[in-house]
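Take a look at the structure set out below.
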Amino acid sequence: MPVVDPDQLFQDKIDNEIKIEPKDQMPDAYRKTNIRQISQHAHSEIVGMLPEGNWISRAPSLKRKAILLAKVQDEGGHGLYLYSAAETLGMSREEMINDLHSGKAKYSSIFNYPTLSWADIGAIGWLVDGAAIMNQVMLTRTSYGPYARAMVRICKEESFHQRQGFDALLVLSRGTKEQRDMCQDAINRWWWPALMMFGPRDTESTNSDQSMKWKIKRKSNDELRQNFIDMIAEQIKTLGMHLPDPDLKWNEERKHYDFGEINWDEFWQVVKGNGPCNKQRLDARRKAWEEGEWVREAAIEYAKKRLTS
Amino acid sequence: MNLLRKYYYGDIPEDKTGAVPPASASGHDWPLWEVFIRSKNGLEHKHAGSLHAADAKMAIENARDVYTRRMEGISIWVVESKYITATNPEEAGELYEPAVDKIYRHPTFYELPDEVNHM
Amino acid sequence: MTQSYTNYILHLADNALILGQRNAEWCGHGPVLEQDIAITNISLDLIGQARSLYQYAAELKGNGATEDSLAFLRTEREFKNCLLAEQPNGDWAQTILRQFFVSTFQFYLYQSLLTHSDSTLAAIAEKSLKEVRYHLRWGSEWVIRLGDGTEESARRMNKAVSELWCYTGEFFVPADYETAAGSDPAGLKDAFYSKVREVFTQASLAVPENVFMHTGGKNGMHTEHLGFILSDLQYMQRAYPGCEW
């Protein structure tokens, strides 16, 4: 009987579009890559609650307050779905959270930028959630079953997020001069960081090749980034605003927009921890976790008493 | 049949498989629960996902808060994940393949005369 | 309808909004993800109740009043919420206890409003009561869990009781607009304290006695906390008057 290489069997499954489920055999590197990516994704949702959460208490109308609160809460829910998906690979949520707090695990750098005006809430919904959705729609077809299922649920819920962002900006764009200035200023500040969300250029991305082969990812960073730019460059016309890139121009030959150079120095600085809010974000997460310790402990103790009494 | 106790959702502490045993935690991490939701009467409860809760009451309430924010359900079941016993994928051959050749269990196996309708 | 009746509706709305605003401060900072989501749900329910009530008050008031003009353009002295609602979140114990007290009161109050002669108010009460029933269940369970959890959680619950008990009496001292609206909060007092005693007993918490009760919120005499809440809440509407958002 011929000896079958388990890694080859695994790759055959992937090539035949058979989803990988928690207890299936899988190469250790596949498991680790998924844990890294899913937990990073979960952390991004949780840290992402902070910049927008800033504006819940100051939302300009009761309707906007309710929408923003529901939206930030959804992000908490998405973090929860993703932690659960990562937990099927054998790492506890607490361990993942500890890795976040120690700085070992990363989260999306976009959340290290500050929210300075109400218009930032609209810009985040439109640009940041818009960029995230490009990635997430792709991930509904990722090869690891629990991750794909979490993404399906998230994408369903996420569709209102981008719309509410655009809607908030649309109102500003039709408002007073102060409101229009606020709107343009927010777009100026969030545009480039949003493009950086897709990660380094394909020529410099280290994790991409293997992830594509395992169908964890199905589109390259540059491909997704281009799709995003093409979409936003059209949508911004409705707002009557402009994108802060003098090189942005439709290229008839490529059938895509050309765009200017991203500031990769800034990108790497923020990844390394030198973004405007890296420290504040992690401090806020650590503080919540540490101050919640006695609550989590009390609930467990109470549950134990109930079982033994 | 070698049933595998599911101490941890997805956990098989063996090489090259999905999970490794969780490393030591503080012990205050709330246990994991699996959530099943009936979306409307007439349909079965379906696995919706999982969550952490200290006890069953809390698990039900957390499930309500987390998994029915958009009117997704009218009835919720929760069970602590460690009480789920699952089959092992390696036994797929002995467990499921014997059903493959029993085609006489399917209605399409039987060819009936055209005049016999709706059977 | 009279100014006095509008004030009654505003009082109910202010209670819901101010507590909703306080609970929302937890969003993103809860002790565990599942409870972060839970407290935010309660906050959303309360803000929803406040909106229904403000919209109704705006209708009664006329003159171009809107839910937003009522929430964002009244001053500290015009807000009519009970003092308890504006107290700081403190730790999880204090937030839980504040919620439990308010939900218990709202539970009996909204029940009594189901038969109110004003059918609009009765309808708002009916819808809100479903939400409050859940808040009360959630709050009671947490009070018991923390009171009977660890030594530390019991200590924190007891501290919360000593911080907040003195604000429970205000519920039952009727403002003029309550009496005029046919509401009798004093009549809910026994039911409230008997529910509290029942839950405190299960939580092994002592019920304080002979505590001086602070009042004033219902008539616009607040603690210093409210001014800071409003400066956040109303910032945008004050800085950019007359805009659409």
Side-chain angles (χ1 to χ4, degrees), chain A residues 42 45-66 68-70 72-77 79-80 83 93 97 117-118 168 171-172 174-176 178-179 182 284-285 287-306, chain C residues 17 20-37 39-41 43-44 47-48 50-51 54-55 66-68 70-72 91-93 96 141-142 144-157 229 231-237 239-240 242-245:
Chain A
E45 297 281 356
I46 300 309
V47 176
M49 296 170 82
L50 299 170
E52 288 177 279
N54 275 337
W55 281 89
I56 293 170
S57 68
R58 291 175 291 173
S61 71
L62 293 179
K63 183 182 95 179
R64 293 286 174 200
K65 188 189 290 291
L68 181 58
L69 191 53
V72 178
Q73 184 202 36
D74 271 353
E75 279 155 17
L80 191 151
Y83 282 128
R93 191 199 293 179
I97 288 176
S117 80
W118 168 253
V171 173
L172 294 180
R174 292 170 179 173
T176 63
E178 276 172 312
Q179 286 178 300
M182 191 190 283
R285 285 312 314 159
K287 180 167 179 282
W289 186 248
E290 282 160 17
E291 289 179 356
E293 173 78 19
W294 72 269
V295 179
R296 298 190 298 274
E297 188 187 353
I300 278 289
E301 282 310 308
Y302 175 77
K304 277 188 203 156
K305 276 189 208 172
R306 271 293 163 93
Chain C
L17 177 64
Q21 173 89 353
R22 275 296 193 210
N23 284 340
E25 292 171 26
W26 277 106
C27 185
H29 306 273
V32 67
L33 201 41
E34 283 81 354
Q35 297 303 326
D36 198 307
I37 293 170
I39 189 87
T40 303
N41 259 353
S43 180
L44 278 168
I47 290 168
R51 291 188 66 191
Y54 283 132
Q55 284 162 10
T66 64
E67 56 168 344
D68 287 333
L70 294 172
F72 295 100
D91 59 10
W92 188 247
I96 289 295
E141 284 171 12
W142 266 108
I144 295 166
R145 206 174 267 134
L146 295 181
D148 191 22
T150 57
E151 241 171 69
E152 180 176 10
S153 69
R155 179 180 62 73
R156 287 174 182 265
M157 272 315 290
I229 295 176
S231 59
D232 256 12
L233 179 80
Q234 302 182 336
Y235 162 65
M236 290 296 291
Q237 292 268 353
Y240 305 93
C243 293
E244 289 290 316
W245 301 100

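Note on naming: letters A, B, ... go to the chains in the order of the sequence lines (proteins, then strands), and numbering restarts at 1 for each one.
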Segment of C/D36 engaging chain A (4.5 angstrom heavy-atom cut-off)
side chain
With sequence neighbours excluded, give me every salt bridge (Lys or Arg N to Asp or Glu O under 4.0 Å) pair touching residues 20-33 of chain C.
C/R22-C/E25
Okay, C/Q237 and chain A: the region with an atom under 4.5 Å from a heavy atom over there is side chain
Using a strict threshold of under 4.0 Å (side-chain N to carboxylate O), is an ion pair present between C/E34 and A/R93?
yes
Structural part of A/A299 lying under 4.5 Å from a heavy atom of chain C:
both
Pick whichever of A/E291, A/E301, A/K65 has the most heavy-atom pairs under 4.5 Å with chain C.
A/K65
With chain A, the option among C/I96, C/N41, C/T66 that has the most non-hydrogen atom pairs under 4.5 Å is C/N41
Looking only at heavy atoms, what is the nearest atom pair of A/Q73 and C/T40, with distance?
CB-CG2, 3.6 Å
Which pair of heavy atoms, one from C/C243 and one from A/Q179, lies closest together, and at what distance?
CB-NE2, 3.5 Å
In short, A/L50 meets C/G28 closest at the heavy-atom pair CD2-O, 3.8 Å
Taking the side chain from A/R64 and the backbone from C/W245, do they hold a donor-acceptor pair closer than 3.5 Å?
yes
Between C/R51 and A/A66, what is the shortest heavy-atom contact and its length?
NH1-CB, 4.5 Å
What's the shortest heavy-atom distance between C/P31 and A/R296, and which atoms?
O-NH1, 2.8 Å
